[in-house]
Amino acid sequence: MHRRIIAPGALAAASLMLAIPVSAASHSPGAPGIGDPYYPAYGNGGYDVSHYDLRLKYQPATDELSGTATILAKTTQDLSSFDLDFLLDVSEVRVNGAKASFTTSGQHELVVTPKKPLDKGTSITVVVRYSGVPSTKSAYGFSTWHRTPDGAVAADEPEAAWWWYPSNDHPLDKATYDVSVAVPNGTQAISNGTLQSTRSQLGWTRYNWRQNKPQATYLTTLAVGKFDITTSTSEGGVPVVNAYSKDLGDNDGAARASIERTGELVDWLSGYFGPYPFNSAGGYVPNTTTGYALETQTRVYYSPKQFANGANSSLVVHELAHQWYGDSVSLKGWKNIWLNEGFASYAQWLWSEHEGEGTTQELADYVYASHPADDPFWTVKPGDPGPDHQFDDAVYDRGALAIQALRNAVGDDAFFAILKGWPQEHAYGNASIADFQAYAEKVSGKSLGALFDVWLFQPVKPASGALAKSAGEAFAKSAGVQPRSWKKIVAAHGAH
């Protein structure tokens, strides 16, 4: 307990300590961060969430959001208080039915003190009533809430939840979701998973979405606006829901020509990564001014700007690959970002080969040859890039190079067994680069420590032989030739 007791004498102090129940004395506050060195204040300690039930009402004209969040969790320590990551104005908090006291702390912490201390292993139900105007809130000098002409969007990485629901905001604490949103008639609300029902009453329509598989907080999305919604089912049986803002203008056709291929691309990726891990797929394009995409689980967020130069199926492949690598299997910590971006980028390389626009080896040779030894590109370590370089080009390109080097080292049979087996080995959980290396070594029967160190953790350009397909081969004669797919592949970098 972090308390300072001031008493006039030892006897008074002793008497005071005796007045504190033994059970309460062992309880302490949960940490205001989950322990990620990249983002020390993100997430929280002392509990693990299993489900979020969000019942919201949003008025696009004024950006007013009100809601009740019901959070099901279990304590992982004896707790006197705990934190939630949140920015909006809270009117009431209850823990297991009883009113709890609450205050704010730091840039984005809601500190909750339950009426009675909570023992370790206790199942808790936390109800938070709140309201506010998300666009007026900021933390650390930024906002991840994006207004549109007809509504708003919540989609960002590594944080987005604080602006619309209280949470334990870190990929380590995944949960299932029910998201119910009431909006004025004629406006739609889009979220993750499957649409369970809609109901209209007194000028408002309520949309009820459900995500029945564990989902990281940053992969949870909300979009309110006026959309054209399309539905279909892939040949492999995956339901697809896509949504396009009705005012995309010149980018509308290219966006649809890309995203309407989602079902085809999900089935194609399943051939490499195994069965699609969720019960729906799709994407949405709101009329935002942002320039990035995000692999929000089952319902990918795309910006209109990404289609200003025409259709880009490679970008869609990148975001859909994340459904396996990043969404189903999520990071234990943000330093493991290579497990997300390296593999999503490599999926684009595989698509390039499929489309006859450059093989994976040709792409690897081109990337390797394009960056001389003194290029700062090689100083970024994909296996631990640091928060300032988490989305650097090297995480994508050198990250994909590392995967090609792994393929060349273990051979295609073992490599594709690793590629498909990994998402099933850790389905709906969390993993680290060390876990992946151990799995790759188990499947291939080879020691891979030196390879992983050279490609992921050394801030220097690996020797050319490290990328060779066979002894004595450095890289292809066509290494200086840019593959036809390259510009579309690179577009995914800017997308993040």
Any donor-acceptor pair under 3.5 Å linking the side-chain atoms of [Y] with those of [X]?
X: Thr205; Y: Thr198; result: no
X: Asn192; Y: Thr298; result: no
X: Asp156; Y: Tyr301; result: no
X: Gln77; Y: His27; result: no
X: His322; Y: Glu341; result: yes
X: Tyr177; Y: Asp53; result: no
X: Ser280; Y: Arg299; result: yes
X: Thr217; Y: Asp169; result: yes
X: His108; Y: Asp85; result: yes

Ignoring hydrogens and angles, write down the donor-acceptor pairs under 3.5 Å from the side chains of residues 433-450, residues two or more places apart or on other chains.
unit_1: Asp435; atom_1: OD2; unit_2: Lys332; atom_2: NZ; d: 2.9
unit_1: Asp435; atom_1: OD2; unit_2: Ser432; atom_2: N; d: 2.9
unit_1: Asp435; atom_1: OD2; unit_2: Ser432; atom_2: OG; d: 3.1
unit_1: Gln437; atom_1: NE2; unit_2: Glu441; atom_2: OE2; d: 3.3
unit_1: Glu441; atom_1: OE2; unit_2: Leu448; atom_2: N; d: 2.8
unit_1: Ser444; atom_1: OG; unit_2: Ala440; atom_2: O; d: 2.7
unit_1: Ser444; atom_1: OG; unit_2: Lys446; atom_2: N; d: 3.2
unit_1: Lys446; atom_1: NZ; unit_2: Ala409; atom_2: O; d: 2.7

| query | Got a sec, which residues hit side-chain hydrogen bond (donor to acceptor under 3.5 Å, both in side chains) with Gln188, two or more places apart in sequence or on another chain? | reply | none
Nearest 0.5 Å please: distance from the [atom1] atom of [X] over to the [atom2] atom of [Y].
X: Leu339; Y: Leu456; atom1: CG; atom2: CG; value: 9.0 Å
X: Ser131; Y: Leu56; atom1: OG; atom2: CG; value: 12.0 Å
X: Glu157; Y: Thr144; atom1: CD; atom2: OG1; value: 11.5 Å
X: Gln348; Y: Ile489; atom1: CD; atom2: CD1; value: 5.5 Å
X: Ile403; Y: Leu350; atom1: CD1; atom2: CG; value: 9.0 Å
X: Tyr325; Y: His426; atom1: OH; atom2: NE2; value: 10.0 Å

| task | Output all residues satisfying side-chain contact (heavy atoms from CB on, under 4.5 Å) with Ser191, sequence neighbours left out; order by chain, then residue number. | result | Val179, Trp209
| task | State which residues pass side-chain contact (heavy atoms from CB on, under 4.5 Å) with Ala73; sequence neighbours excluded, sorted by chain then number. | result |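 In terms of side-chain contact (heavy atoms from CB on, under 4.5 Å), with neighbours along the sequence ignored, Ala73 is linked to Tyr47, Val49, Ile124.
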| Test side chain to side chain contact (heavy atoms under 4.5 Å, CB included) applied to Thr220 and Tyr52, step by step | CA-CA 11 Å; Thr220 309; Tyr52 292 94; over 6 Å; no
So which heavy atom on [X] is nearest to which on [Y], and how close?
X: Ser330; Y: Lys174; value: OG-NZ, 2.9 Å
X: Lys115; Y: Lys99; value: CB-O, 3.9 Å
X: Thr221; Y: Ala154; value: OG1-O, 2.8 Å
X: Tyr428; Y: Pro277; value: OH-O, 2.5 Å
X: Asn44; Y: Ile34; value: O-CG1, 3.6 Å
X: Trp324; Y: Pro423; value: CD1-CB, 3.9 Å

Spell out, as yes or no, whether a donor-acceptor pair under 3.5 Å connects the side chain of [X] to the backbone of [Y].
X: Arg398; Y: Asp393; value: no
X: Asn340; Y: Leu331; value: no
X: Trp338; Y: Gly399; value: yes
X: Thr148; Y: Gly151; value: yes
X: Ser143; Y: Ser135; value: no
X: Tyr292; Y: Gln306; value: no
X: Thr104; Y: Leu110; value: no
X: Asn96; Y: Thr125; value: yes
X: Thr75; Y: Thr122; value: yes

| request: Scan residues 31-40 for pairs that pass side-chain hydrogen bond (donor to acceptor under 3.5 Å, both in side chains), counting only residues two or more places apart or in two chains. | output: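 Those involving residues 31-40 are Asp36-His170, Tyr38-Asp384, Tyr39-Gln390.
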| request: Decide side chain to side chain contact (heavy atoms under 4.5 Å, CB included) for Tyr218 and Glu295; before the verdict, give the C-alpha distance in whole Å, the side-chain angles of both, and the deciding distance to 0.1 Å. | output: CA-CA 9 Å; Tyr218 82 97; Glu295 61 271 18; 3.9 Å; yes
| message | Would you say the ring centers of Phe86 and Trp163 fall short of 6.0 Å from each other? | response |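 Centroid distance Phe86-Trp163: not below 6.0 Å, so no.
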| said: If you take the centroid of each ring, where Trp contributes its six-membered ring, are Tyr207 and Phe227 closer together than 6.0 Å? | reply: no
Any side-chain heavy atom of [X] within less than 4.5 Å of one from [Y]?
X: Leu269; Y: Val317; answer: yes
X: Ser66; Y: Tyr130; answer: no
X: Pro385; Y: Ile337; answer: yes
X: Pro29; Y: Ser80; answer: yes

| query | Which of these passes side-chain hydrogen bond (donor to acceptor under 3.5 Å, both in side chains) with Asn212: Asp178, Thr176, Asn279? | reply |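 The side-chain hydrogen bond (donor to acceptor under 3.5 Å, both in side chains) with Asn212 is passed solely by Asn279 among Asp178, Thr176, Asn279.
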| With under 30° as parallel and over 60° as perpendicular, where do the rings of Tyr346 and Phe415 fit, or are they tilted in between? | perpendicular
| query | Please, which pairs that meet salt bridge (charged side-chain N to carboxylate O under 4.0 Å, His left out) have at least one residue in residues 127-137, sequence neighbours excluded? | reply | Asp89-Lys137, Glu92-Arg129
| task | May I ask you to decide whether Asp48 forms a salt bridge with Lys74, counting only side-chain N to carboxylate O separations under 4.0 Å? | result |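 Judged by the 4.0 Å cut-off on N to carboxylate O distance, Asp48 and Lys74 do not form a salt bridge.
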| task | Carefully, step by step, assess Trp145 and Asp63 under the rule side chain to side chain contact (heavy atoms under 4.5 Å, CB included). | result | CA-CA 10 Å; Trp145 182 263; Asp63 196 39; 2.9 Å; yes
| query | When you look at Ser180 and Asn208, which way does the side-chain hydrogen bond (donor to acceptor under 3.5 Å, both in side chains) test go after all the steps? | reply | CA-CA 4 Å; Ser180 175; Asn208 300 296; 2.6 Å; yes
| said: Would you say CZ of Arg210 has more than 12 non-hydrogen atoms from neighbouring residues, nucleotides or ligands within 6.0 angstrom? | reply: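 Count not over threshold, so no.
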| said: I'd like to know whether Asn242 forms a side chain to side chain contact (heavy atoms under 4.5 Å, CB included) with Tyr284, so could you lay out the CA-CA distance, the side-chain angles of the two residues, the decisive distance to 0.1 Å, and finally the verdict. | reply: CA-CA 5 Å; Asn242 296 322; Tyr284 71 95; over 6 Å; no
